[in-house]
Each structure stands twice: as structure tokens, then as C-alpha cells.
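Everything on this sheet refers to the single structure shown next.
Just so you know, these numbers use all the heavy atoms, side chains as well, and skip hydrogens, waters and symmetry mates. Just so it is clear: chains get the letters A, B, ... in the order the sequence lines come, proteins before strands, and each one is counted from 1.
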Amino acid sequence: MSEARLFLLQRLTALVMAPLVLVHLVLIVVAVQGGLTAGEILGRTQGSVFWGLFYGIFVLVAAIHAPIGLRNVLREWTGIGRRPIDWLMVAFGVLLLVLGWRAVVAVVGGGA
Amino acid sequence: MRIEESRCDILILGSGGAGLFAALHAAKADPALDIVIAVKGLLGKSGCTRMVQGGYNVALAAEDSIERHFMDTIVGGKWLPRQDLAWRLCVGAVERVRELENEIGCFFDRNPDGSLHQKAFAGQSFDRTAHKGDLTGIEIINRLMEQVRSRAVRRLEEHRAIELIPAADGSGLAGVLLIDIRMGEYRFVRAKAVLLATGAGPTMYLYHTPSGDKTCDGLAMALRLGLALRDMEMVQFHPTGLLGGPHTRMTGTVLEEGLRGAGGHILNGGKERFLAGYDPAGERATRDVVSRGIYAEMRAGRTTPMGGVYISMGHLGAEKVAGMFPGMVKRCADCGFDLAGGLVEVVPTAHYMMGGVEFEIDASTAVPGLFAAGEDCGGVHGANRLGGNGVANSTVYGGIAGDSMAAFVGREGVWRDPDNSVIEAGIARAERPFGQAPGDLAGLRDRLAQVMWDDVGVIRDALGIERGLAGIADCRAALLAQGVVDGDRRFNLTWHDWLNLESLLDLSEVVGRAALARDDSRGAHFRADFPETGVLETSAYTRIRRDGDELRLDTAPVAFDIVEPGQSLIEGAAGAPPAEAAIGSAA
Amino acid sequence: MRRGAGWWAAMGHRLSGLALAAFLPLHFLMLGRALGGAEALDSSLKIAELPLVKVAEFGLVIALAVHLAFGLRVLAIELLPWPARDGLRLRLVYLGLAATVLVGIAFAVSVV
Amino acid sequence: MAEGTLEVRIWRGGDEGAFGAYAVPARENQTVLDVVTEVQRRFEPSLAYRFSCRVGVCGSCAMTINGTPRWTCRTHVKRVAPEGRLTIEPLRNMKRVKDLACDMDGFLGKWASVGTFEGTATRADPPAAIDPASPARREVDAAIQCINCAVCHAACDVVAWDPHYLGPAALNRAWTLYNDARVADRRAVLDGALQPGGCHTCHSHGACTEHCPVGLSPTASIAGLKRAGLVSLLKGGRS
Ligand SMILES: Cc1cc2nc3c(=O)[nH]c(=O)nc-3n(C[C@H](O)[C@H](O)[C@H](O)COP(=O)(O)OP(=O)(O)OC[C@H]3O[C@@H](n4cnc5c(N)ncnc54)[C@H](O)[C@@H]3O)c2cc1C
Ligand code: HEM
Ligand code: SF4
Ligand code: F3S
Ligand code: FES
């Protein structure tokens with residue numbers, strides 16, 4: 001994929017994430033008040049289509065965004081070759097996607 | 001002694017407007033040519049073309065004409081220019097500016113209608129100076145540098161030419177002896193054609209504008225080769241060089257002419273205006289006139305603390321000045337001076353040598369295989385150079401030289417066998433300082449600078465020039481007796497300072513001799529003992545060549561083959577500002 | 001080399017990005033435990049009560065805030081036109097810092 | 001500070017080397033270049049440094065002064081060393097030649113590699129009519145007067161990190177070419193800037209803009225290239 005395309009993807013995902021992160025941050029600050037319990041979290045999320053979509057998208061864009069960013073860092077800060085870095089990043093993206101969606105399923109689906 | 005030897009078809013010395021244009025034209029004429037540019041500094045980052053502020057004279061506008069540009073040049077040059085060269089300059093400028101814009105990529109300033117903006121410059125009857133802001137040279141040289149770098153032109157950067165080597169059989173030029181400055185080693189480059197484009201530069205004066213790498217090396221080499229230099233008494237002084245004291249390289253650098261044109265005042269040490277006493281046009285008179293006025297006031301002792309005069313802009317409103325001349329104001333501010341609101345000390349400063357190697361309209365010289373272009377050459381400007389004709393000269397004739405050299409190499413180019421005795425002599429001269437005890441080189445250069453300034457400077461007379469010549473001889477004796485610490489020869493600036501001073505001494509003597517010979521005042525040359533301009537109809541130019549260890553001077557009549565004194569090719573006065581209103585920005 | 005505000009912003013952005021990228025898989029793993037039910041998640045959250053982990057958590061929230069703020073700075077520099085050539089938009093750096101500090105305070109307050 | 005002495009440390013050598021220490025008289029009007037010159041003239045005849053124009057035009061005198069890259073001919077000592085202490089080193093991110101002089105070839109080569117002007121008109125044609133107020137011409141005007149001093153190149157950490165990175169000055173030049181209506185193939189200029197090592201390698205650190213002695217903003221120019229790249233991509237162009 002060309003640099004321009006990767007750049008576009010990363011910036012687009014950043015734009016998408018900005019509001020998501022904001023909401024997530026507010027939530028954390030509010031939710032964490034007086035300690036966090038699983039019940040609280042799950043109570044809010046489970047079965048909710050909204051939160052399912054919210055976190056589903058969040059995971060998707062983060063799994064695109066982070067590897068592209070990491071790719072630059074590795075290029076500049078390590079001696080790893082360009083090719084290996086690219087493959088490493090693909091793997092990292094897939095890992096994030098798999099783990100992330102699994103988490104979304106865990107928190108939103110199933111349960112109650 | 002290790003001497004690296006190499007070959008090429010065309011060797012160009014210098015990477016100013018002349019050198020770079022020559023390379024481009026030669027490469028275009030025959031892409032198969034092996035072209036090398038050797039330059040004392042970095043390619044495109046040394047020399048004065050890059051420092052051009054005002055701009056480039058060219059008769060582009062419908063109401064302007066080649067004839068008008070030509071007449072301004074002849075009248076400005078006080079009828080001393082070689083007319084065919086001046087005409088070629090004016091014709092060539094049109095083509096060259098279009099080439100710069102359309103092929104090289106320079107992006108000059110525009111009028112609202114999209115055409116090139118051309119501004120006024122003193123001594124011209126039409127506003128014909130094309131420019132890019134007030135840093136035109138950067139635009140020209142950066143673009144040329146990119147073009148040259150993108151072609152198969154070889155670069156020998158930080159290589160200093162020290163001797164033009166003739167063929168052993170006297171048939172022409174064989175090549176050039178250089179010092180690789182970074183390595184501190186000698187290099188002999190054989191070439192079928194060589195261009196001398198090292199840009200002269202009157203840096204033997206106490207106050208001077210050109211870049212530090214310019215020390216008349218090319219002229220000194222040409223002289224040793226036996227070529228004739230003409231008009232060498234003609235040294236142009238710019239009226240307003242920054243005066244920052246003896247210990248700063250800023251001293252002598254140009255403060256732009258527009259400052260006076262815009263209404264700036266020149267004040268003496270008593271903070272009074274005085275120029276009107278020398279010329280009715282006051283601050284707005286031409287360069288030579290204002291320079292002389294200031295110099296006379298300085299000689300009369302009415303100076304500022306550092307020995308100059310003041311330029312004052314504050315009465316125009318500091319903010320307005322800062323808006324009109326942002327570059328100049330910032331430059332002064334960087335160095336601690338308040339140009340917009342305060343007083344800045346200035347002095348006249350040596351700017352340009354109108355004289356130089358005698359050359360032909362195709363840029364050839366008397367030595368087959370050696371070509372010359374740019375400020376190294378004499379004859380185009382005569383007794384004075386119009387602001388804006390300097391870059392025009394270097395770029396027009398640089399391009400011509402490139403074409404000529406390509407044709408010459410195709411026609412009769414051969415690698416001639418060098419005269420080894422000249423190579424040996426060249427090396428011996430460069431080696432000389434290492435055999436001797438080091439001395440105060442900077443002090444010696446200051447001494448020469450003071451001698452030239454006092455005795456062969458803005459205002460001259462026979463007595464002073466004689467004294468000056470004696471002073472130059474003293475300095476020479478001192479230089480030849482003192483040396484440079486041997487050891488690390490790599491990038492050894494002190495060694496090169498020594499060599500610089502040697503070139504400057506050679507040319508100082510030439511300037512002095514020519515100044516002594518010209519017993520009238522015209523253009524940049526002013527003799528207090530002969531204040532009148534001689535009869536124009538019998539104008540002659542000085543010519544100096546070296547014969548053994550002696551300088552020989554003669555004079556030759558100017559050929560008025562296009563126009564004679566008293567005649568004109570145009571209506572109205574050449575050199576007169578087009579309209580009263582325009583004077584404001586003229587100067 | 002002396003560094004300017006823009007460099008510090010970029011460095012903050014980069015380090016926070018790295019921290020997030022490193023933390024994200026762990027975060028997903030932990031949430032994924034909800035598949036094992038609320039108790040499993042709770043036991044994970046218990047760990048989150050440990051002081052050291054608390055500090056780390058605090059750091060991550062800050063990292064998210066930093067990354068968001070300075071990410072927006074990058075987007076503003078790159079994507080918005082610069083009609084006024086307003087220097088380096090350095091104000092954005094300070095704005096970002098201020099926003100981060102606010103988030104930090106809010107989070108700290110809510111935890112205590 | 002006119003009287004007194006400056007404590008000056010100057011790098012001697014190439015990649016390997018050491019600082020030399022010198023006591024240089026402080027003067028009223030004195031640039032860093034003047035200090036270096038005085039050291040060469042009085043203490044270290046073989047000291048290597050580079051300058052030409054001495055007025056901020058040629059871009060060959062830049063050095064690292066007390067940790068900051070600057071042009072030296074227009075840097076007044078008082079402004080950078082109020083305490084009278086100067087540490088002078090060659091610029092970063094270029095090969096060192098000797099002492100304070102570095103090899104600018106890598107830098108200038110990258111500069112020239114972004115593209116050289118190629119128009120469609122020739123010397124037989126009049127200069128193209130260009131509206132000085134058009135947005136593209138304004139972009140050019142804002143970025144064109146680069147003196148290729150390499151200060152930005154030395155200030156940028158990404159240049160230090162990634163040897164393939166073209167760097168701020170080269171990309172700034174690419175931006176002026178891209179906005180030059182006379183350029184025959186502007187698309188090719190942009191494509192060049194979008195290659196690996198091109199504009200996307202810049203992380204908007206802004207050090208280039210902060211240090212550029214003539215007040216240019218390579219950061220803005222590079223952002224312009226990134227935007228142009230996005231636009232062309234979104235319009236279904238190549239890349
Ligand atoms: C401050 C300033 C402002 C000016 N403004 C204007 C203006 O507005 N308009 C105008 O028309 N003219 C102006 N001029 C004059 C104009 O710049 C010059 O006349 C012209 O550009 C000279 O071009 P050149 O190619 O002959 O030499 P330069 O451009 O000076 O180039 C000379 C080259 O030769 C090299 N060199 C020197 N010695 C050696 C050696 N021994 N070996 C190898 N290389 C060597 C130098 O390093 C340099 O690269 C100005 C000059 C100055 C100093
Ligand atoms: C809040 C939403 C986010 C925004 C606005 C955002 C924005 C950006 C931007 C613009 C960049 C490019 C920086 C550059 O190349 O100069 C970037 C890089 C990066 N982002 Fe994000 N990002 C966000 C969320 C995240 C998340 C959640 C992660 C972690 C998974 C992450 C990880 C990274 C990494 C590792 C980099 C590389 C840093 C660098 O190159 O210096 N980002 N981000
Ligand atoms: S952009 Fe500025 S700092 Fe960079 S090379 Fe050009 S003039 Fe120097
Ligand atoms: S400092 Fe370097 S990272 Fe970009 S904004 Fe300037 S080029
Ligand atoms: S000497 Fe030319 S920029 Fe400093």
C-alpha cells in the first residue's frame with residue numbers, strides 16, 4: 001500500500017477515534033468514581049446494540065490506526081528492515097482485531 | 001609532491017551566473033561533453049551572483065527597447081564600453097531572462113496583469129529591472145544550481161584554481177592547476193576548453209561588498225598567463241556599506257540603494273545632511289556621485305564615531321520603513337542596528353570591478369582554448385556599471401561562453417600537452433608560505449586594505465596613487481617574507497588567506513597603475529588632480545599586461561562603431577529617470 | 001540539540017501512542033475474561049485495585065488524553081489550510097497540554 | 001559586554017575529535033562568524049569553517065551554537081550568549097569534513113532530487129502571465145526564498161532518525177514546484193514527494209520552522225503536500 005494511502009487511513013481512523021476516545025474518557029472518569037466493578041461495566045454494555053457498535057468500530061479503527069503509527073516508530077527508532085516491519089504490523093493489526101472483537105463480544109454479547 | 005591528474009572536455013572555473021550558465025549551455029549544445037565545474041566554495045553557494053539584490057536589466061516592455069537599454073549603458077559607462085559587447089549584452093538579456101523564466105524556472109515578480117514587474121534603478125531612462133523581491137540572486141542561482149545538479153556535470157567543489165597552464169608548444173591552454181581545499185592537495189585538470197568565471201571582486205579595499213571567496217584569483221592567473229586586462233582603474237563604490245567596526249565581517253556589506261531612493265537621509269558626524277552641497281540631487285544622485293560626497297565629508301573629518309556617516313530613515317516613520325524594507329531592517333537588527341528608527345553608520349564600499357580580461361563577443365580570449373565571462377571580463381560596462389547590468393553580463397556571456405566552448409571543442413578541441421615548468425612554478429608559489437615563519441597575515445591584509453582605501457580609493461590623485469603603489473610593494477615584500485604553519489593542510493583557511501592576499505596584491509598594483517595612467521575623471525574613476533572628464537570623442541581605455549615581472553600599460557582608442565558621442569539611438573536623454581515621480585524608487 | 005514545544009508535543013504524542021499500543025492488547029485480554037462471566041472480570045478488576053496498577057491505569061488515561069490532544073494538533077497542522085501562516089500553531093501545544101491536565105485532574109478526583 | 005572575554009569552545013576534528021577552548025575578546029559588534037574568524041586568525045590557523053556572503057544569503061555558514069542550529073554571519077553574539085559562553089559545533093545530520101565544516105552534498109542532493117523545474121515554454125516565448133495574487137503563486141512566494149542553509153535539516157529529528165527522509169528544505173522546494181503553474185508535470189512533482197521518505201515521513205515536529213533563519217515554514221509546505229496528496233487520492237488519482 002502506498003504511503004499516501006496509509007497516511008489517509010491513519011488520519012481517517014484518527015478522526016473517527018477522536019470522538020470515540022472522548023466519550024470513552026468521560027465514561028471512565030464518571031464510571032470509575034468510587035471503584036469499578038464488573039457488574040457496573042457489564043450492566044451498562046450487555047445487550048446494548050449501541051455500545052456494541054461503538055466498541056466494535058473503536059476496535060476496528062484502532063486496529064488500523066495503531067499499526068500504521070507503530071510502523072513509523074519502528075522504522076525510525078529500530079534497525080529492523082522495512083519489509084519485516086510491514087509484516088509485523090499486519091500481524092499486530094490482526095491481533096488487535098481478534099482480541100478486540102473478542103472483548104467486545106465478551107462485554108456486549110452473551111451474559112444476561 | 002602528489003599531483004592528481006585528470007581530464008575533461010570543458011573545465012569551468014566558478015559557479016556564479018557565468019559559470020553555471022556556461023555549463024548548462026555547453027551541456028545542451030552537446031550532451032556527450034564531459035563538463036567539470038571547479039569552484040572555490042560550494043557550487044552555487046559562493047560568489048556574488050547569489051547576492052544580487054536589485055535585479056536584472058532587460059528591455060522587455062513594449063515601450064522600452066534594446067536601443068534604449070544600450071544607450072543607457074553607453075552613457076552610464078561614460079562612452080568607454082566596447083560597444084559591440086554592450087549591444088550584445090542588451091540583446092542577450094532579453095533571451096536570457098526568458099530562458100531563466102521558461103527553462104530554468106526562475107519565478108520573477110509580476111505585475112497585476114501577469115507580466116514581469118520591472119522596477120527603476122538609477123541611471124536608466126526606463127524602469128527595466130526584473131527582480132524577485134529584493135533577493136533576486138538567490139532565485140537565479142538556486143534555480144541554476146538545481147538545473148546543473150540534475151545534469152551530468154561533474155563538480156569539483158572547494159577546489160581553488162591557482163594557475164592557468166599553457167600548452168608546452170604555446171598553441172593554447174592545456175589545463176588548470178588547482179588545490180583541492182578539503183584535502184589540501186594539488187590537482188591538475190587537463191581540458192580542451194577552459195572558462196574563466198571567477199568573478200574578480202574588489203576585496204582589496206578596506207570596505208567591500210563581495211563574497212569572501214572572491215579575491216581576484218582569476219584576474220591574477222590571467223595576468224600571469226600574459227592576457228591583457230582593460231579598464232582596471234574602474235572600481236565601483238556603493239555609497240552605503242554597513243559600518244560595524246574593524247572586527248566584524250558585516251562591515252562593508254551593502255545596505256540597499258532603495259533606502260536613499262525612498263527618502264533616507266545621509267548625515268555627517270554632526271547629524272547634518274550634507275550631500276546637497278556636493279550635488280543638487282542630494283541623496284538621490286547616482287552611486288559614484290553619492291560615494292564621492294560621502295568620502296569627501298569623511299576626509300573633512302566630519303565623521304561618526306567609527307569614521308563613516310549615518311543613514312537615517314526614522315523621519316519616514318519606523319513602522320513604514322520596516323514595512324518597506326523588511327529584509328534590510330531585519331538584517332541590521334540581527335546584527336544589533338536599528339535601521340528603521342535609529343541611525344546606522346555607513347561608508348562607501350567597493351562593489352564591482354568594471355575592468356577585467358579583454359575578451360571577444362563569443363567569450364573567447366587571446367589564448368586558444370581559454371574563454372572568459374562575467375565579472376572577470378572588461379569592456380562591457382566601461383567606466384561605470386548600471387545597477388542591474390551585472391547579472392545580465394554574467395548570465396548573457398556565460399551562456400554564450402557555453403555555446404562557444406561546445407562548438408570549439410567539437411571543432412578543434414584537443415588535450416594539449418602542458419608546459420610543466422608552469423605547473424612547477426605554480427606549485428612553488430603555493431608552497432612558498434610553508435617554508436617561512438608565520439606572521440600576522442590578517443594584519444597585513446588590513447594594511448593593504450587601508451592603503452587601497454586611502455590612496456587608490458574613491459577619490460584619487462597622482463601623489464596618493466604613487467604612495468599607494470609604494471604601500472602595495474611594501475605589503476608584497478612583507479607577504480613574501482612571511483609564512484603559514486605547515487601541518488594540517490586540509491581545509492586550511494590560513495593557507496588560502498595567504499594565497500588570497502597574493503592575488504589581491506597583484507591586482508591592487510594593476511588598479512593603481514591604471515588609475516595613475518588615466519588622467520581624467522569619468523564614471524567611477526575620480527582624480528582630484530584632474531577633475532574634468534576628457535574629450536569623449538577621443539576616449540581611450542587602459543590596458544595592462546604582464547611582461548616578465550613587469551606590468552606594461554598602454555591605451556587604445558574606443559571604437560564608436562555603433563554610436564558616437566553626441567549621437568543617440570533614442571529620443572530623450574539616456575540615463576535620465578523616465579519621470580520625476582519614479583525617482584523615488586530609483587536610486 | 002535544544003528542543004522546542006513542537007518537538008515535545010510530538011514526543012508526548014509518540015510515547016503515549018506507544019503506551020496505548022502496548023496496553024491495548026492487555027486491555028482487550030482483560031475484558032475478554034468477561035466471557036468467563038462477571039466473576040472472572042471482577043477478579044481482574046481486583047488486580048486493578050493494586051496501587052501499582054492504579055498508577056499505571058492513571059498513566060494510561062493520561063496517555064489517552066495526551067495522544068488525543070496532540071493527535072488533534074497534528075491533524076490541525078496537516079489538514080487545515082494555513083492561510084495566515086500563523087507560525088507553528090504553538091498555541092495548540094499548550095491547549096493540548098491544558099486539556100490533558102484537566103483530564104488528569106478529573107480522573108484523579110474521581111478515583112480518590 | 002563590550003569589554004570582557006568570551007569563553008569559546010569549538011569542535012576540532014571530524015566525527016572523532018574534541019573541543020578546543022579559547023578566550024576571545026568580546027566586542028560591541030560581533031557575530032558568531034566573527035568569533036570563529038578571530039579564533040582562526042589568532043589561535044588556530046588551520047581551523048576549518050565555511051562562509052561566503054556574510055549577509056545571510058549564501059547559506060553556507062550555519063553551525064550549532066550552544067546546541068541550536070543557526071546561521072552564524074547574522075547571529076549577534078549578545079543574542080545567543082548573554083553570559084559570554086559559546087559552544088560551537090558543526091551542523092547535525094550531515095557528514096563532517098573537518099572542524100566546523102560539514103559535507104552538504106547529501107542535503108543538497110536530496111534538495112535537487114525532488115525535482116527540477118521543467119516547463120513547456122522556451123526562451124523564444126515571453127514569460128508566462130501569472131496573477132501575483134493567485135493562491136498558488138502566493139504559496140510559492142511564501143516558501144521560495146530558501147537559502148539552503150540546512151539549518152532546518154539539522155534541526156529535524158526525523159532527518160536524524162530516518163536516513164531516507166528527504167527533509168524539510170527539499171520538501172519545501174517540492175511544494176513551490178507543485179504550486180508553479182508553469183511546471184509541465186506538477187503531478188510528477190507531487191508523486192515524488194509522496195514516495196517513501198517523502199512528506200509523510202514528517203511528523204510535524206516544527207523544529208524546521210522554529211529554526212529557519214529566514215522565517216520560512218517548511219512545516220506548512222509539507223502539510224500542503226500531504227493535503228495535496230490526500231486530495232489527489234480522494235479524487236481517485238494514482239498513489
Ligand atoms: C551585494 C551585491 C549585490 C549586487 N547586486 C546586483 C544587482 O542588483 N544587479 C546586478 O546586475 N548586479 C549586482 N551585483 C553584481 C553581480 O552580482 C555580479 O556582477 C555578477 O553576478 C558576477 O557574476 P560572475 O558569475 O562573474 O561571478 P560570481 O557570481 O561572483 O561567481 C564567482 C565564482 O567564482 C568562484 N571562484 C573565485 N575564485 C576562484 C578560484 N580561484 N578558483 C575557483 N573558483 C573561484 C567563486 O567561488 C564563485 O563561485 C551585486 C554584487 C554584490 C556583491
Ligand atoms: C484519540 C484518537 C486518536 C487520535 C486523534 C490519534 C491521532 C494520531 C495521529 C494523527 C497520529 C500520527 C502522528 C504522526 O505520524 O505524526 C497517531 C500516531 C499514533 N497513534 Fe494515534 N490517535 C488516536 C488514538 C490512538 C490509539 C487508541 C492508539 C493505540 C492503540 C494510537 C496509537 C498510535 C501510535 C502508536 C502512533 C504512532 C506515533 C508516532 O508516529 O509518533 N492512537 N495518532
Ligand atoms: S527552509 Fe529555512 S532553514 Fe531550511 S534550508 Fe531553507 S532557509 Fe535554511
Ligand atoms: S522538523 Fe522535521 S518532522 Fe517535519 S515539521 Fe519539520 S520536517
Ligand atoms: S555567510 Fe552566507 S549565509 Fe552566512
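- Listed for the Lys98(D) side chain is no donor-acceptor partner under 3.5 Å among the backbone atoms of Arg182(B).
- Ranked by heavy-atom pairs under 4.5 Å with chain B, the list Thr31(D), Leu33(D), Thr37(D) is led by Thr37(D).
- For Ala133(D), no part lies near chain B; criterion is any non-hydrogen pair under 4.5 Å.
- When heavy atoms are compared at a cutoff of 4.5 Å, Gln53(B) does not approach chain D at all.
- Chosen from Ser113(D), Gly119(D), Cys53(D), Cys146(D), the residue pairing most often with chain B at heavy-atom distances under 4.5 Å is Cys53(D).
- One finds no salt bridge joining Glu103(B) and Arg98(B) here, because no Lys/Arg side-chain nitrogen approaches an Asp/Glu carboxylate oxygen to under 4.0 Å.
- Contacts between Cys106(B) and chain D at a heavy-atom distance below 4.5 Å involve the backbone alone (N, CA, C, O).
- Using a 4.0 Å cut-off between charged side-chain N and carboxylate O, Asp109(B) and Arg137(D) make a salt bridge.
- Atom CD of Gln482(B) has more than 12 neighbouring heavy atoms from other residues, nucleotides or ligands inside a 6.0 Å radius.
- Both the backbone and the side chain of Asp180(D) come within contact range of chain B, with heavy atoms under 4.5 Å apart.
- By the 6.0 Å and 45° rule, Arg96(D) stacks over the aromatic ring of Trp11(D).
- With respect to the salt-bridge test (charged N to carboxylate O, under 4.0 angstrom), the residues Lys40(B) and Asp213(B) do not qualify.
- In this structure, no portion of Lys214(B) lies under 4.5 Å from any heavy atom of chain D.
- Between chain B and the options Gly109(D), Gly215(D), Ala129(D), the largest number of non-hydrogen pairs under 4.5 Å is found for Ala129(D).
- Only the side chain of Arg182(D) comes within contact range of chain B, judged by heavy atoms closer than 4.5 Å.
- Heavy-atom distances place no part of Val35(D) under 4.5 Å from chain B, backbone and side chain included.
- Contacts with chain B were tallied for Arg42(D), Arg50(D), Arg41(D); Arg50(D) has the most, counting heavy-atom pairs under 4.5 Å.
- Remark: Arg490(B) does not engage Asp180(B) in a salt bridge, criterion side-chain N to carboxylate O under 4.0 Å.
- Proximity to chain B is limited to the backbone of Leu47(D), based on heavy atoms less than 4.5 angstrom apart.
- Neither the backbone nor the side chain of Cys61(D) has a heavy atom closer than 4.5 Å to any heavy atom of chain B.
- Heavy-atom distances place both the backbone and the side chain of Lys330(B) under 4.5 Å from chain D.
- For chain D, the nearby part of Phe337(B) is the side chain; its heavy atoms alone come within less than 4.5 Å.
- Among Val484(B), Leu441(B), Ile104(B), Val485(B), the residue making the largest number of heavy-atom pairs under 4.5 Å with chain D is Ile104(B).
- Using a 4.5 Å cut-off between heavy atoms, Arg249(B) touches chain D through backbone and side chain atoms alike.
- Both the backbone and the side chain of Leu135(B) come within less than 4.5 Å of a heavy atom of chain D.
- Between chain B and the options Thr176(D), Asp131(D), Asp125(D), heavy-atom pairs under 4.5 Å are most frequent for Asp125(D).
- Here Ile147(D) is the residue among Ile147(D), Val183(D), Leu177(D) with the most heavy-atom pairs under 4.5 Å with chain B.
- At a 4.5 Å heavy-atom cutoff, the contact between Asn111(B) and chain D is made by backbone atoms alone.
- Cation-pi check for Arg143(B) over Phe117(D) is not met; the charged atom does not lie both under 6.0 angstrom from the ring centroid and within 45 degrees of its normal.
- Interface residue Leu493(B): backbone and side-chain heavy atoms are both found under 4.5 Å from chain D.
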